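For reference, the structure is listed below as structure tokens.
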Amino acid sequence: MQTKSNLKQDLKERAEKALDKKASYGQDFDLSEYEIAPSESEQVETLTEWDEKTQKQLLNTGVVPSGEGRSGSLVVLNNAVSYSSTKSENVELIPTKQAREKYDWLDDYAWNLVPVDADKYTAATYLQQPNGYFIRAHAGKKETLPVQTCLLLGNKEVSQTVHNIIIVEENAELEIITGCTTKEEVMSGLHLGISEMYVKKGGKLTFTMVHNWAEDIGVRPRTKVKVEEGGTFINNYIALKPVKSIQSYPTAFLDGKGAVARFNTIAVGHPGSELDLGSKAVFNAPETKAELISRTITTGGNVVARGEMEGNADDAKGHLECRGLVLSDDGSQRAIPILEANLQNVELTHEAAVGKIARDQVEYLMSRGLSEDEAVGMIVRGFLDVGIKGLPDELENDINETIDKIGEHAM
Amino acid sequence: MSMLEIENLSVEPADGGQRILNNVNLTVDFGYTNVLFGPNGSGKSALLRAIMGFGDYKVVEGRILFNGEDITNLSVDERAEKGLGIMLQRPPNMTGVKLSSLIKAISKENMDIDKVAEELDMKRFMDREINVGFSGGEIKRSELLQLIAQNPCMYLIDEPESGVDLVSINKVGTKIQEMLNANLECIGERSVKGKSALIITHTGQILDYLEADRAYIMCSGKIMCSGNPRKLLDEIKSQGYEECIRCKLNQI
Ligand SMILES: Nc1ncnc2c1ncn2[C@@H]1O[C@H](COP(=O)(O)OP(=O)(O)O)[C@@H](O)[C@H]1O
Ligand SMILES: [Mg+2]
């Protein structure tokens, strides 16, 4: 048996070897062009201490500065945790580094789902020994208020690296809202985020992530989820704002009988944006189910919507839906569904469609008295409505404003 | 002046092809309910869609006057703004758009649209995507609900009875009759005489529910004749549309 320090040495070597390993998808970033973000940042007593503009940035990503209606809050500014508080006994919410010092057993969870040498981004992140958030929902506890976390890039032209670990213990239920954004003046930078999530037997995790980056930010999240018997994982991903490049491919491993995963992705590719967004479900146990829904729009950016399902167990059932709207001649939409069945008793289906808004739909609404912009807005709003619930009003309003702008510029 | 005057209108599909309407002349006076008869494929729906300004047809000749104003080149929403409202024969599936969203966006403030929805048995459809998976009768009732919410000055109604079961026909017919006689906010002569309508009917069934003032018969994209709705319907029923064509040929 390997000792712990041997294991760590081994991981370090693997990471070092992978430092130049390009990712399979998305444009390549030269990490040496970015300074490492400060690993210390000012601690705040409450998030309402921050200036109005930063608070607004938080609100627009679903993070409520007052913490009202939330069971806990944690903010990572650059590479340091600058705020953390928990109001509920049902959950534990502390910085990842603190958690790893506190709990030896976390070595079995950290870097267990995401390989350190997956690509240069995971490798670089590992080697920086990043902080992040650790969230644990205690066994049997059903928390009704969401935990909110925020990953905030506060300096220009730096790379932020975070490592998050979420454990939903047996029969626990938890909802998490994570907002990723920049301070208003920060337009360029890189965000690398490792997230490892564990949903134990009978547990349920709803994870909603909102990305509001800026024009020149590169984003490389690496997310893997393990769902045990009877567990449910729901992932909502919202990225409606301009960004340089996001490439992500979160994967759920349905490892226990009857485990369920659902991925909802809504995103807009603005001019100059590259979005390569996938989601994947691996059916490793009988009677597992997954639904992968992607609704993407291009107003001039290049969008790739990937969806992948791999059926390795009996009575696995999955459906994949990739729909893309093209609202400009400059942008592109690619839908890439992949279905793989390695057994007979597997039912995987997909529907994919890319194209413009149908003229007859717009005219139908116009014949009821809506202007063309309003008609397009209503159709776009309907298109993006995948039934994500529980978003704060400010975020809903911001989403509506974004959609109205899309309506004005389309057609 | 009339509410609607179609003058010498010729129409082609926007993406090219054979003329669908040929030198059509038709008038709907203020407060009149006129009906348009004609066999399948004669161009009735094309005429209504062209009046509303839908982009699938282009006007190559003639003009459309609404309330005395030439609207031939106006956009669909401008025509709606002027007071035209349409009930389509086959409206598109509005994937993602909930009936409640549209109703909310177009309803006039002073209207109890909930009550209308109740009467049309449409309450349970408010959270559904418009027309998606709707039955024939549900489509008509949904169209009618939207039209009532919109409250236009003139109605263009395309085959309200097609694809509808008897119970729905009753609901739809009665409601259209009510709608035509409802109080209006339109100015001038219209408010004295009631709303105007042009109703396409293939079978004439709708005449069991409302009084029409004048009928036109269309065959092969042309208006064959006009006259008393009941008389013309009786003739069509006894002799078929072939007789109209023969009759028209005899006039020449
Ligand atoms: N967009 C179109 N392009 C080409 N032909 C069309 C188009 N729409 C209708 N037509 C043709 O025009 C004729 C009239 O159609 P329509 O107005 O729907 O008839 P009706 O409503 O009287 O049954 C039909 O022969 C139909 O096939
Ligand atoms: Mg027709």
Side-chain angles (χ1 to χ4, degrees), chain A residues 238 240 264-268 293-297 321-327 335 351-389 396-397 399-400 403-404 406-408 410-411, chain B residues 14-15 48-57 74-108 127-132 139 142-156 158:
Chain A
I238 301 169
L240 307 180
N264 296 312
T265 302
I266 61 173
V268 177
I293 311 279
S294 161
R295 304 274 171 85
T296 54
I297 294 175
E321 184 192 307
C322 288
R323 284 171 55 202
L325 266 188
V326 183
L327 298 183
E351 57 187 284
V354 295
K356 61 178 182 186
I357 294 181
R359 188 71 215 167
D360 65 335
Q361 291 190 347
V362 177
E363 287 184 343
Y364 182 63
L365 297 180
M366 288 169 74
S367 78
R368 298 285 179 239
L370 271 61
S371 70
E372 185 166 354
D373 290 352
E374 290 167 341
V376 171
M378 188 173 279
I379 293 166
V380 167
R381 196 165 289 122
F383 176 80
L384 293 178
D385 181 6
V386 290
I388 300 177
K389 296 205 172 69
E396 290 275 8
N397 292 342
I399 291 174
N400 281 332
I403 290 170
D404 289 342
I406 291 170
E408 283 162 30
M411 344 248 339
Chain B
D15 48 12
L48 240 59
R49 292 180 69 89
I51 296 170
M52 197 68 224
F54 282 96
D56 42 359
Y57 300 110
L74 294 189
S75 65
V76 179
D77 58 326
E78 285 167 334
R79 296 181 204 212
E81 187 71 21
K82 301 252 175 242
L84 272 172
I86 193 165
M87 175 168 165
L88 292 173
Q89 188 179 8
R90 279 184 221 87
N93 278 349
M94 298 299 295
T95 315
V97 181
K98 294 197 176 114
L99 184 57
S100 56
S101 315
L102 181 56
I103 293 292
K104 191 167 161 239
I106 63 176
S107 290
K108 305 287 183 292
D127 263 344
R128 293 260 305 262
E129 298 164 283
I130 304 170
N131 303 325
V132 179
I139 286 181
S142 144
E143 289 287 289
L144 206 48
L145 179 65
Q146 293 172 45
L147 257 189
I148 291 170
Q150 189 181 351
N151 194 23
C153 304
M154 176 170 189
Y155 299 97
L156 305 169
D158 197 348

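Lettering follows sequence order; numbering is per chain, from 1. Please read all numbers here as calculations on a predicted model, not as lab measurements.
In this structure, the portion of B/M52 lying under 4.5 Å from any heavy atom of chain A is its side chain and not its backbone. For A/D360, the parts lying under 4.5 angstrom from a heavy atom of chain B are both the backbone and the side chain.
To the nearest 0.5 Å, atom CG of residue B/L144 and atom OH of residue B/Y155 are 8.5 Å apart.
Heavy-atom pairs under 4.5 Å with chain A peak, among B/E143, B/E81, B/E129, at B/E143.
Between the side chains of A/E363 and A/S367, not a single donor N or O lies within less than 3.5 Å of an accepting N or O. Between the side chains of B/D77 and B/S75, at least one donor N or O lies within less than 3.5 Å of an accepting N or O.
The two residues B/V76 and A/M366 make their nearest non-hydrogen contact at CG1-C, 3.8 Å.
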